[in-house]
Amino acid sequence: MKQSLFVYNTLTRKKEEFTPLNAPHVGMYVCGPTVYSDVHLGNCRTYISFDLIFRYLNHLGYKVRYVRNITDAGHLEDDSDTGEDKISKKAKIAKVEPMEIAQKYTVGFREVLGIFNTLPPSIEPTATGHIIEQIELVKEMIANGYAYEVDGSIYFDVEKYNKNFDYGVLSGRNLEDMLNNTRSLGGQEEKHGKLDFALWIKAKPEHLMKWPSPWGVGFPGWHLECSAMSHKYLGDQFDIHGGGLDLVPTHHTNEIAQNEACFNKTPAKYWVHTNMLTVNGQKMSKSLGNSFLPHELFTGHNAILNKGYSPMTVRFFMLQAHYRSTLDFGNEAMEASEKGFKRLMNAFSLLDGLKASATTEAEITPLRERCYEALNDDFNSPVLIAELFEASRIINSVHDGKMAIDAANLQQLKDLMNDFVTEILGLKNEQASTDELPKVVDFIVNLRNEAKTNRDYATSDKIRDGLQKIGIQLKDAKEGTTWTKI
RNA sequence: GGUCAGAUGGCCGAGUGGCUUAGGCACAGGUCUGCAAAACCUGAUACGGCGGUUCGAAUCCGCUUCUGACCUCCA
């Protein structure tokens with residue numbers, strides 16, 4: 001019935017058939033945010049993409065354990081031993097407890113993702129909650145000979161690791177190139193090799209976030225928390241490991257090295273990476289200053305924006321591009337998505353009022369097949385959406401009495417829209433109307449119809465134009481007048 | 001500089017060795033309508049450049065130009 005799912009694996013640079021290690025269970029780990037500032041729209045794109053993947057795997061009947069971490073410690077400013085914990089740094093500036101910073105941005109992160117209608121992960125573990133597990137991994141790496149101590153800090157020996165493993169498996173680079181092309185950074189005198197990275201960093205006395213360890217008081221390096229938490233909750237090996245494309249060369253490369261060095265096993269079978277959101281062709285990032293926050297997008301309060309766009313419009317906009325392509329943000333594109341999304345939602349809302357006929361001119365089964373085909377081809381949401389516009393066309397035609405559909409196909413059509421629009425794409429109608437509004441509008445529409453019957457078009461047009469200005473659009477049809485919020 | 005991606009019609013954005021076209025938005029014509037809107041139907045505009053492979057390439061290969069990402073924190 002359903003064809004098999006193919007997933008693009010960064011490890012092999014090919015689309016591969018998805019076969020879980022322990023079906024029907026699927027383990028998926030996605031690198032979450034470092035909570036030291038607000039999430040911007042580019043971050044959101046990644047989590048919306050994985051939300052689609054999570055939702056589709058669930059739809060297929062898999063029992064998915066979706067782990068997405070919160071990095072609330074250990075994220076270095078740079079990879080030298082003078083590096084400072086990002087959370088800790090921000091806390092000093094703001095004169096608050098580090099955990100206050102982490103809490104603030106964790107709450108903000110969840111709030112924003114909720115607004116985008118993403119499902120919460122199964123487990124959302126924090127780095128600070130897994131210091132012991134991280135220390136255990138460091139011990140293991142030292143015992144296995146892949147890590148060394150220098151004055152209370154522990155580093156990972158990349159060149160030694162590369163003798164037994166392939167450090168560049170994921171990025172496709174070889175060690176020699178990396179060694180030749182890495183820019184030399186300051187403050188690295190403690191490291192044996194220029195690619196070596198910190199696993200545990202000795203804390204200076206004034207450092208705020210620190211924990212005791214066998215090597216003295218310190219804090220964990222970035223990368224380590226993901227190895228510790230993915231291992232704890234998903235085991236030596238799990239199905240999917242995901243994150244933004246920019247994590248491939250450093251974070252995920254080091255994560256794989258840590259896991260291999262500890263357990264002699266590659267952690268994940270499929271590595272899935274989402275592409276960047278760009279603005280005028282450039283990656284949206286905090287350092288470039290071209291990022292903007294979700295609430296700025298909703299309200300339109302940002303110099304790049306002509307106006308605000310609703311959360312579901314933004315979600316729809318993102319799903320209209322494939323997750324592995326860069327997506328360029330622009331006002332024109334957003335306005336196009338806004339209209340397209342309304343078109344889809346309008347069709348969706350007509351669904352319940354459709355009348356079945358004895359015969360049918362619409363066959364829904366092949367349409368459903370094509371929807372599955374789209375998603376099975378590496379979660380191709382843009383193609384799926386194209387099919388859903390075909391479904392919309394059918395709905396509109398049936399509604400206009402231009403096409404007949406029988407009861408069986410009508411039910412299939414309803415199921416199709418529910419499954420793919422609501423459940424899998426996670427889109428919902430935002431035309432939240434209060435209880436009174438429909439009654440009020442209906443009342444006014446009746447008044448207008450009286451005027452129309454009396455051929456008092458001046459009055460009827462005045463009513464229609466007035467409502468239009470308020471944001472309610474009337475549509476006259478043979479069966480009567482309908483209305484939508486614009 | 002090194003490594004890796006990508007260049008598709010007015011815009012966004014899929015796809016692909018030939019089959020009938022992605023799709024959305026915008027545009028033009030039509031149906032419907034008191035007029036409009038919506039909806040439906042029809043239409044136009046395309047695959048960066050130069051070579052090569054092939055019966056046939058926008059799709060494969062080579063070169064070239066441009067853009068971006070990573071190599072430093074980044075989803």
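Heavy atoms only: backbone and side chains are in, while hydrogens, waters and symmetry mates are out. Naming convention: chains lettered A, B, ... in sequence-line order (proteins, then strands); numbering from 1 in each chain.
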**Study point:** B:rU53 pairs with, by Watson-Crick or G-U criteria that keep both distances under 3.5 Å
**Key:** none
**Study point:** Comparing A:H251 and A:F317 on RNA chain B - which has the more 5′ nearest nucleotide
**Key:** A:F317
**Study point:** Ring-ring centroid check A:F420 A:Y56, cutoff 6.0 Å
**Key:** no
Point to revise | Test item: A:T46 side-chain N/O and A:G244 main-chain N/O as donor-acceptor pair under 3.5 Å | key: no
Review point. Across the strands shown, which category fits A:L388 at heavy-atom distances under 4.0 angstrom: base, sugar-phosphate, nothing?
Key: nothing
Exercise for review: Have a look at A:R45 and say if it touches a base, only the backbone sugar-phosphate, or nothing, with a 4.0 Å heavy-atom cut-off.
Suggested key: nothing
Practice item. Check every strand shown and say whether A:H40 touches a base, only sugar-phosphate, or nothing at a heavy-atom separation below 4.0 Å. Key: base
Exercise for review: Go ahead and name the base partner of B:rA22; Watson-Crick or wobble counts if both distances stay under 3.5 Å, otherwise write none.
Suggested key: none
Practice item. For nucleotides B:rG17 and B:rG56, find the distance between their C1' atoms and express it as a whole number of Å. Key: 8 Å
Study note, to complete from the structure: The nucleotide from B:rA75, B:rA22, B:rG23 with an atom nearest the side chain of A:Q320 is B:rG23
Point to revise | Whole-Å gap separating C1' (B:rA75) and CZ (A:R68) | key: 11 Å
Practice item. Indicate whether any N or O donor in one side chain lies under 3.5 Å from an N or O acceptor in the other, for A:D406 and A:S357. Key: no
**Study point:** Between B:rC66 and B:rG49 - P atom distance, rounded Å
**Key:** 15 Å
**Study point:** Check: A:D378/A:Y323 side-chain N/O donor and acceptor closer than 3.5 Å
**Key:** yes
**Study point:** Protein-to-nucleotide contact annotation, 5' to 3' order, nucleotides 33-39 of chain B [B base; S sugar-phosphate only; - none; under 4.0 Å, heavy atom]
**Key:** -BBBBSB
Review point. On a whole-Å scale, what distance lies between the P atoms belonging to B:rA7 and B:rC61?
Key: 13 Å
Check your understanding: Roughly how far apart, to the nearest Å, are B:rG13 and B:rA26 at atom C1'?
Key -> 14 Å
Practice item. Assign A:N174 to base, sugar-phosphate, or nothing according to its heavy-atom contacts below 4.0 angstrom with the strands shown. Key: nothing
Point to revise | Rounded P spacing from B:rU54 to B:rU45 in Å | key: 32 Å
Review point. Looking across every strand, which nucleic acid part, if any, lies under 4.0 Å from A:G42 by heavy atom: base, sugar-phosphate, or nothing?
Key: base
Point to revise | Atom pair distance, as rounded to whole Å: CG in A:L247 and P in B:rC71 | key: 10 Å
Exercise for review: Give none if B:rC27 has no partner; otherwise give the nucleotide forming a Watson-Crick or G-U wobble pair with it, both distances under 3.5 Å.
Suggested key: B:rG43
Review point. Between A:Y457 and A:R455, does any side-chain donor sit less than 3.5 Å from a side-chain acceptor?
Key: yes
Practice item. Would you mind reading off the distance between A:F316 atom CZ and B:rG24 atom P, rounded to a whole angstrom? Key: 10 Å
Exercise for review: Could you verify whether a donor N or O on one side chain and an acceptor N or O on the other, from A:N275 and A:T326, lie under 3.5 Å apart?
Suggested key: no
Review point. Touch check for A:F341, heavy atoms < 4.0 angstrom, all strands: base, sugar-phosphate only, or nothing?
Key: nothing
Check your understanding: Taking N and O atoms by type only, does the side chain of A:R173 place a donor or acceptor under 3.5 Å from a partner on the base of B:rC70?
Key -> yes
Practice item. Tell which nucleotide pairs with B:rU33, taking only Watson-Crick or G-U wobble pairs whose two distances are both under 3.5 angstrom. Key: none
Check your understanding: What's the closest nucleotide to the A:A321 side chain, out of B:rC73, B:rG13, B:rA69?
Key -> B:rG13
Study note, to complete from the structure: Atom CG of A:D328 and atom C1' of B:rA5 are separated, to the nearest Å, by 16 Å
Check your understanding: So which nucleotide does B:rA38 pair with, by the Watson-Crick or G-U wobble rule with both distances under 3.5 Å?
Key -> none
Review point. Between A:S171 and A:M276, which is nearer to the 5' end of RNA chain B once each is assigned its nearest nucleotide?
Key: A:S171
Review point. Base, sugar-phosphate, or nothing: which does A:P249 touch, judged by heavy atoms less than 4.0 Å apart?
Key: sugar-phosphate
Check your understanding: Looking only at side chains, do A:D196 and A:Y161 share a donor and an acceptor under 3.5 Å apart?
Key -> no
**Study point:** Euclidean distance for P, B:rC35 against B:rU21 (whole angstrom)
**Key:** 38 Å
Review point. Looking only at atom types and distance, does a side-chain atom of A:R45 sit under 3.5 Å from a main-chain N or O of A:M276, one as donor and one as acceptor?
Key: yes
Review point. Just checking, any donor-acceptor pair under 3.5 angstrom between side chains of A:E225 and A:T71?
Key: yes
Exercise for review: If B:rC4 has a Watson-Crick or G-U wobble mate with both distances under 3.5 Å, name it; if not, just say none.
Suggested key: B:rG68
Point to revise | Interatomic distance at P, B:rA37 relative to B:rU59, whole Å | key: 42 Å
Study note, to complete from the structure: Of A:Y47, A:Y66, A:Y29, the one forming a ring pair (Phe, Tyr, Trp, His ring centres under 6.0 Å) with A:F54 is A:Y66
Review point. What interatomic distance, in whole Å, is found between C1' of B:rA14 and the corresponding atom of B:rG9?
Key: 14 Å
Practice item. Consider the side chain of A:D246, meaning its heavy atoms from C-beta on, and name the nucleotide among B:rC70, B:rG13, B:rC11 that approaches it most closely. Key: B:rC70
Practice item. May I have the distance from A:E338 (atom CD) to B:rG23 (atom C1'), rounded to whole angstrom? Key: 18 Å
**Study point:** Touch class at under 4.0 angstrom, heavy-atom based, for A:A333 against every strand present
**Key:** sugar-phosphate
Exercise for review: Nearest whole angstrom, please: distance from the P of B:rG15 to the OH of A:Y8.
Suggested key: 13 Å
Check your understanding: When all nucleic acid strands are considered with a 4.0 Å heavy-atom cut-off, which category describes A:M284: base, sugar-phosphate, or nothing?
Key -> base
Check your understanding: In whole Å, what is the span from the CZ atom of A:R324 to the C1' atom of B:rA7?
Key -> 17 Å
Check your understanding: Between atom CG in A:L195 and atom C1' in B:rG2, what is the gap in whole Å?
Key -> 13 Å
